[in-house]
Amino acid sequence: MTSLVRHITIDCADAYELAGFWSGVLGAPLSDEDAPGDPEALVEAPGAALLFISVPEPKSTKNRLHLDIQPQDRTRDEEVERLLGLGATLVADHRRPNGRGWATLADPEGNEFCVECSAAERAALTGTRLPVTADDVTTAVRLAVDALRESPVDNWLVPAGSLEWNCWETAEHLSDDLFSYAAQLGPRQPPLDTYLPYRWSAEYKGGPANAVFADRTAGPAGLLRTLEASGALLAAMVRTASPEVRSYHSYGVSDPEGFAAMGVVETLVHVHDLAASLDVPWTPPAGLCDRVLARLFPDAPKDADRWAVLLWATGRAELPGRARVASWKWHSAPLDEAGQEQ
């Protein structure tokens with residue numbers, strides 16, 4: 001058995017006041033059970049919550065443990081200015097123009113913490129490739145499910161865009177893809193020369209051969225729940241598997257990031273197939289498209305709309321100045337930050 005970190009606990013003079021500062025830093029709420037003057041206060045941050053406890057002893061030296069903050073929707077320098085405005089003070093500046101380094105700040109009671117660049121900002125500053133993550137899988141699947149839930153079409157047995165499969169079969173195939181990618185990462189020693197021995201079969205003539213199927217009596221709402229569940233399985237496996245894990249794919253042995261990228265591409269392009277027939281709009285985020293293109297299609301054009309390029313790379317659309325892709329496959333082998341095969 002293992003243990004998990006439940007709280008990061010910080011001694012302080014005024015628990016509620018300091019918790020309020022950190023609530024602003026992290027954009028996370030204070031517990032509803034806490035009030036001014038309480039001897040403890042909880043900031044309900046994702047991952048590990050911050051628990052502040054009032055103690056009589058003052059802070060006397062540099063902390064042996066500190067937090068590193070990484071902004072997700074602004075630059076490192078913008079975040080430093082925001083935190084100074086909240087009441088932090090600048091202790092030391094170790095920032096470098098290439099995105100390396102950090103700024104050391106102190107909270108209103110003198111507890112040191114550091115502010116670093118996000119992975120996206122560092123990649124932009126250094127010209128390196130931004131990896132595809134478990135969060136990208138979650139984002140892609142949730143966007144897909146939210147879009148498809150808005151479909152006014154009741155009959156999902158109509159063809160999915162230009163595919164031979166109908167909409168139900170296509171969504172079911174997508175769910176099966178996400179499940180199978182998760183499963184490939186599951187064994188302690190994943191196979192390097194074959195897929196796991198699930199029984200693959202087509203439920204209807206001409207339909208996709210799947211290992212898992214949705215109960216048709218559950219309707220589209222039930223089908224989308226299976227899709228969301230399969231996406232969650234893949235995200236969980238990508239998040240917890242060692243980056244050194246390798247497993248089989250017919251396009252080449254891949255790593256957890258590769259399987260994440262495959263799951264995202266399958267989701268984005270198959271929802272494109274479904275969207276036309278189910279009368280829903282579908283344009284995924286450019287950044288998400290860019291990350292999977294860099295991982296799976298490293299030679300794809302870099303000077304055009306990222307969603308248009310992904311549709312072109314998977315044979316689904318024209319791209320001005322380029323011949324239409326008639327046959328395609330992605331690059332499964334792991335890449336380093338510079339986009340070179342490892």
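Heavy atoms only: backbone and side chains are in, while hydrogens, waters and symmetry mates are out. This is a predicted model, so every value here is computed, not measured.
Across S201 and R199, no two heavy atoms sit closer than the pair OG-NH1, 3.5 Å.
Inspection of the D176 and H173 side chains reveals no N or O donor paired with an N or O acceptor under 3.5 Å. Between the side chains of D215 and T217, at least one donor-acceptor pair of N or O atoms lies under 3.5 Å. Side-chain polar atoms of Y195 and S250 form a donor-acceptor pair below 3.5 angstrom.
The environment of CZ in R96 is sparse: at most 12 heavy-atom neighbours from other residues, nucleotides or ligands sit within 6.0 Å. More than 12 heavy-atom neighbours from other residues, nucleotides or ligands sit within 6.0 angstrom of CZ on R122. Environment of CG in D68: crowded, with over 12 heavy atoms of neighbouring residues, nucleotides or ligands closer than 6.0 Å. Heavy-atom contacts from other residues, nucleotides or ligands closer than 6.0 Å to CD of E203 number more than 12. Counting non-hydrogen atoms of other residues, nucleotides and ligands closer than 6.0 Å to CH2 of W168 gives a total above 12.
Both F179 and L196 are part of a single hydrophobic cluster, where members link through side-chain heavy atoms under 4.5 Å apart.
Judged by distance alone, with hydrogens and angles left aside, the side-chain atoms of R316 form a donor-acceptor pair with the main-chain N or O of T314 at under 3.5 Å. Of the possible donor and acceptor atoms, none in the side chain of R6 sits under 3.5 Å from a partner among the backbone N and O of A49. S23 contributes no side-chain N or O that, together with a main-chain N or O of A19, makes up a donor-acceptor pair within less than 3.5 Å.
R76 has no carboxylate O lying under 4.0 Å from a charged side-chain N of E79, or vice versa, which leaves the two without a salt bridge. Ion pair E112/K59 flagged as a salt bridge, since at least one NZ, NE, NH1 or NH2 atom sits closer than 4.0 Å to an Asp/Glu carboxylate oxygen.
Taking the centre of each ring, F113 and W22 come in below the 6.0 Å mark. Not less than 6.0 angstrom separates the ring centroid of F52 from the ring centroid of F21.
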### Task
Would you sort out whether S277 and V153 count as a side-chain contact (heavy atoms from CB on, under 4.5 Å), showing the intermediate values?
CA-CA 8 Å; S277 299; V153 178; over 6 Å; no
#### Entry: side-chain contact (heavy atoms from CB on, under 4.5 Å) between H270 and D273, intermediate numbers included
CA-CA 5 Å; H270 279 313; D273 299 329; 3.0 Å; yes
### Task
List the steps, then state whether side-chain contact (heavy atoms from CB on, under 4.5 Å) holds for V238 with D136.
CA-CA 10 Å; V238 170; D136 288 329; over 6 Å; no
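Under the 30°/60° scheme for interplanar angles, the aromatic rings of H272 and W307 are found to stand perpendicular.
Annotation: side chain of M262 is in contact with side chain of L296 (closest heavy-atom distance under 4.5 Å).
The side chain to side chain donor-acceptor pair (under 3.5 Å) pairs that include a residue from residues 295-305 are S254-R295, D255-R295, where partners are two or more places apart or lie in different chains.
Between the OH atom in Y251 and the CH2 atom in W328 there is a gap of 5.5 Å [rounded to 0.5 Å].
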